[in-house]
Amino acid sequence: MTAMVSPTDPSSRPLALWGWDDSFRQLFEDEALPGDEPGRIVRADLRACAVALERGEVHVPVGRHLLSSGSSQPTTGDWVVVRDGEIASVLDRRTAVVRASADPGKGAQVLAANVEFVLVAEPLGERWRPRRLERLLVVAWQSAAIPIVVLTKADRCDDIEAALSLARAVAPGASVYAVSPLYGDGTEELAKALAPGTTAVIIGRSGAGKSTLANALSGGKAGLDTGAVRDDNKGRHTTVTRELVILANGALLIDTPGVRAIGLIDSTEAIGDAFSDLEALAPNCRFGDCAHESEPGCAVQEAISAGELDGERLASYRRLQREQERLEAREDPRLRAAKAAEWRRFSKEIRRLPKH
Ligand SMILES: Nc1nc2c(ncn2[C@@H]2O[C@H](COP(=O)(O)OP(=O)(O)OP(=O)(O)O)[C@@H](O)[C@H]2O)c(=O)[nH]1
Ligand SMILES: [Mg+2]
Ligand SMILES: [Zn+2]
């Protein structure tokens with residue numbers, strides 16, 4: 001018997017392999033015109049994208065109206081409507097990994113869309129510092145997807161248990177794995193966390209072993225370029241595009257180019273998520289507006305003195321918060337004025353409420 005694709009069985013259709021489901025189908029049908037096709041972006045370039053359609057992968061130009069649309073420009077992982085041979089629109093994103101664009105006037109850049117998991121890759125080795133994970137974890141929490149820490153190059157580490165517990169201390173709420181993608185160690189266990197049909201994105205600095213891991217998880221089928229990178233992170237970046245690949249277990253993974261510095265955007269809540277251990281202490285401080293500096297009865301300082309919380313972690317928390325505040329201050333003054341006016345209206349209404 002020859003294999004047949006039955007049009008009534010959605011699971012046998014190629015698009016299902018790319019994570020297509022009923023809720024995206026609904027979004028598509030809400031705006032589709034006759035002849036439109038749904039597709040998922042597997043690789044995004046400036047003016048054209050590789051798009052997986054029901055009939056296979058095609059190269060499709062981005063509709064002109066979307067070219068200058070900033071963060072709603074199509075990105076890898078997006079579900080799109082293809083109309084008359086071009087990308088006509090981007091379906092609402094479920095999650096988005098966002099960073100401040102390198103160009104300060106440009107706002108946000110969406111690194112990946114519609115992912116269920118964000119793998120934060122950090123290579124082990126002598127100069128490994130768990131603190132480096134904190135910023136990427138804020139970006140991961142902000143995406144609305146589930147963060148997973150992946151310590152790579154575990155073969156270069158003598159005490160993996162110690163590395164895992166250091167990483168857990170800076171990643172409350174996230175699971176932590178240690179892998180050696182080059183030798184395949186630990187990759188099966190990580191794959192179990194990535195359910196078939198779900199999508200993950202992997203972020204981390206250049207040379208972390210992201211593409212090597214993506215290749216290993218794909219059973220060698222992804223064929224992504226990997227390369228020797230100088231350990232000081234000054235080498236060339238091997239991966240230059242963001243690419244969605246299918247893994248051996250049916251999950252999907254977006255490989256990304258290494259990032260050196262990643263700017264935060266709208267991350268106040270995400271900082272709270274990434275530092276949930278610290279924020280959980282704050283309600284126990286004597287003063288509601290405690291800055292956790294030298295106030296009496298500060299639960300955070302007490303935890304530091306008791307050796308339960310690393311003082312460096314409080315310093316990172318402050319640094320990221322200050323960065324976020326500076327960003328907000330740089331915001332469009334009209335937007336800021338509008339927000340302030342709204343706040344004044346809101347507080348007036350509160351004052352009008354009867355006091356008990
Ligand atoms: N020792 C060791 N080296 C590894 C491992 N995984 C990857 N590497 C090496 O690390 C180097 C960088 O790997 P890549 O997979 O290209 O790293 P990347 O994170 O994709 O880098 P960019 O694409 O530049 O962001 C290569 O020389 C790999 O062979 C591992 O498990 N152990
Ligand atoms: Mg790479
Ligand atoms: Zn305090």
Side-chain angles (χ1 to χ4, degrees), residues 43 76 99 111-112 118-128 132-133 136 149-158 160 163 177-190 200-218 220 222-245 253-262 272 275 277-306 308-309 311 313-315 317-318 321:
R43 210 169 36 253
T76 305
R99 70 155 163 186
L111 295 177
V118 179
L119 309 185
V120 176
E122 174 65 27
L124 292 172
E126 270 171 35
R127 284 185 293 147
W128 178 62
R132 284 208 199 105
L133 288 165
L136 288 180
V149 172
V150 183
L151 304 175
T152 56
K153 308 193 184 183
D155 52 285
R156 303 200 310 187
C157 175
D158 298 330
I160 292 178
Y177 293 82
V179 298
S180 292
L182 197 57
Y183 308 102
D185 292 337
T187 52
E188 254 174 57
E189 211 183 314
L190 172 62
V201 61
I202 185 161
I203 58 174
R205 64 208 167 95
S206 193
K210 300 181 296 296
S211 303
T212 308
L213 179 60
N215 283 339
L217 291 171
S218 76
L224 298 164
D225 286 341
T226 62
V229 183
R230 277 161 52 188
D231 255 4
D232 58 6
N233 201 24
K234 285 186 182 139
R236 75 199 161 88
H237 291 208
T238 306
T239 303
V240 290
T241 54
R242 287 168 272 136
E243 185 157 347
L244 179 66
V245 297
L253 179 63
I254 299 175
D255 185 26
T256 66
V259 282
R260 231 180 121 70
I262 193 158
F275 290 83
D277 51 340
L278 208 152
E279 295 215 336
L281 294 167
N284 302 329
C285 295
R286 187 176 305 162
F287 302 113
D289 61 348
C290 185
H292 320 308
E293 274 160 14
S294 49
E295 292 90 340
C298 171
V300 173
Q301 288 297 343
E302 275 165 20
I304 292 171
S305 309
E308 286 154 12
L309 181 76
R313 189 153 166 76
L314 176 61
Y317 175 70
R318 286 228 182 85
Q321 272 186 330

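This chain uses plain numbering: 1 for the first residue, then up along the sequence. Whatever order the structure lists them in is the order used to number ligands and atoms, beginning at 1.
The pair Glu126-Arg156 does not count as a salt bridge, with every side-chain nitrogen at least 4.0 angstrom from each carboxylate oxygen.
When the N, O or S atoms of His292 are ranked by distance to the Zn ion (ligand 3), ND1 comes first.
Contacts with ligand 1 closer than 4.0 Å are made by side-chain heavy atoms of Asp155 only, the backbone lying farther away. With a heavy-atom cut-off of 4.0 Å, Pro123 does not touch ligand 1 at all.
Ser211 contributes OG and Thr239 contributes OG1; the angle these two atoms make at the Mg ion (ligand 2) is 90°, rounded to 10°. The Zn ion (ligand 3) is the vertex of the angle joining SG of Cys298 and SG of Cys285, which measures 110° to the nearest 10°.
Which parts of ligand 1 touch Pro181 is read off a 4.0 Å heavy-atom cut-off, strictly below it: atoms 6 (N), 31 (O). Heavy-atom proximity to Thr239, at under 4.0 Å, picks out these atoms of ligand 1: 20 (O), 22 (P), 23 (O), 24 (O). Atoms of ligand 1 found under 4.0 Å from any heavy atom of Gly258 (numbered from 1 in listed order, with element): 25 (O). Per-residue contacts place Thr212 under 4.0 angstrom from the following atoms of ligand 1 (heavy atoms of the residue considered): 6 (N), 7 (C), 13 (O), 14 (P), 15 (O), 28 (C). Within ligand 1, the atoms closer than 4.0 Å to a non-hydrogen atom of Ser180 are 31 (O), numbered from 1 in the order shown. Near Pro257, with a cut-off below 4.0 Å to any heavy atom, the atoms of ligand 1 are 25 (O). Within the listing of ligand 1, atoms 11 (C), 12 (C), 13 (O), 16 (O), 26 (C), 27 (O) sit less than 4.0 angstrom from a heavy atom of Gly227.
Residue Glu295 places its CD atom among more than 12 non-hydrogen atoms of other residues, nucleotides or ligands, all under 6.0 Å distant.
Taking any N or O of Ser206, backbone or side chain, at least one lies under 3.5 Å from an N or O belonging to ligand 1. The distance criterion of under 3.5 Å between nitrogen or oxygen atoms is met by Gly207 with respect to ligand 1. Taking any N or O of Ser211, backbone or side chain, at least one lies under 3.5 Å from an N or O belonging to ligand 1. For a threshold of 3.5 Å applied to N or O pairs, the pair formed by Asp225 and ligand 1 contains no separation below that value.
The line from CH2 of Trp128 to NZ of Lys153 is 14.5 Å long, rounded to the nearest 0.5 Å. For the atom pair CG (Leu281) and SG (Cys290), the distance works out to 11.0 Å, reported to the nearest 0.5 Å. Separation of atoms CG (Asp277) and CZ (Arg313) is listed at 4.0 Å; rounding is to 0.5 Å.
Proximity of a side-chain donor or acceptor of Thr76 to a complementary backbone N or O of Arg242 within less than 3.5 Å is detected. Of the possible donor and acceptor atoms, none in the side chain of Asp185 sits under 3.5 Å from a partner among the backbone N and O of Val179. In terms of modelled atom types and a separation under 3.5 Å, the side chain of Thr152 and the main chain of Gly209 share no donor-acceptor contact.
In summary, the side chains of Thr238 and Asp225 do not present any donor paired with an acceptor at a separation below 3.5 Å, with no hydrogens or angles considered.
Between Asp255 and the options Thr226, Leu224, Leu244, a side chain to side chain contact (heavy atoms under 4.5 Å, CB included) holds for only Leu224.
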Residue pair Lys210, Thr256: steps toward the side chain to side chain contact (heavy atoms under 4.5 Å, CB included) verdict: CA-CA 8 Å; Lys210 300 181 296 296; Thr256 66; 4.2 Å; yes
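When the heavy atoms of Lys210, His237, Arg205 are ranked by distance to atom 18 (P) of ligand 1, first place goes to Lys210.
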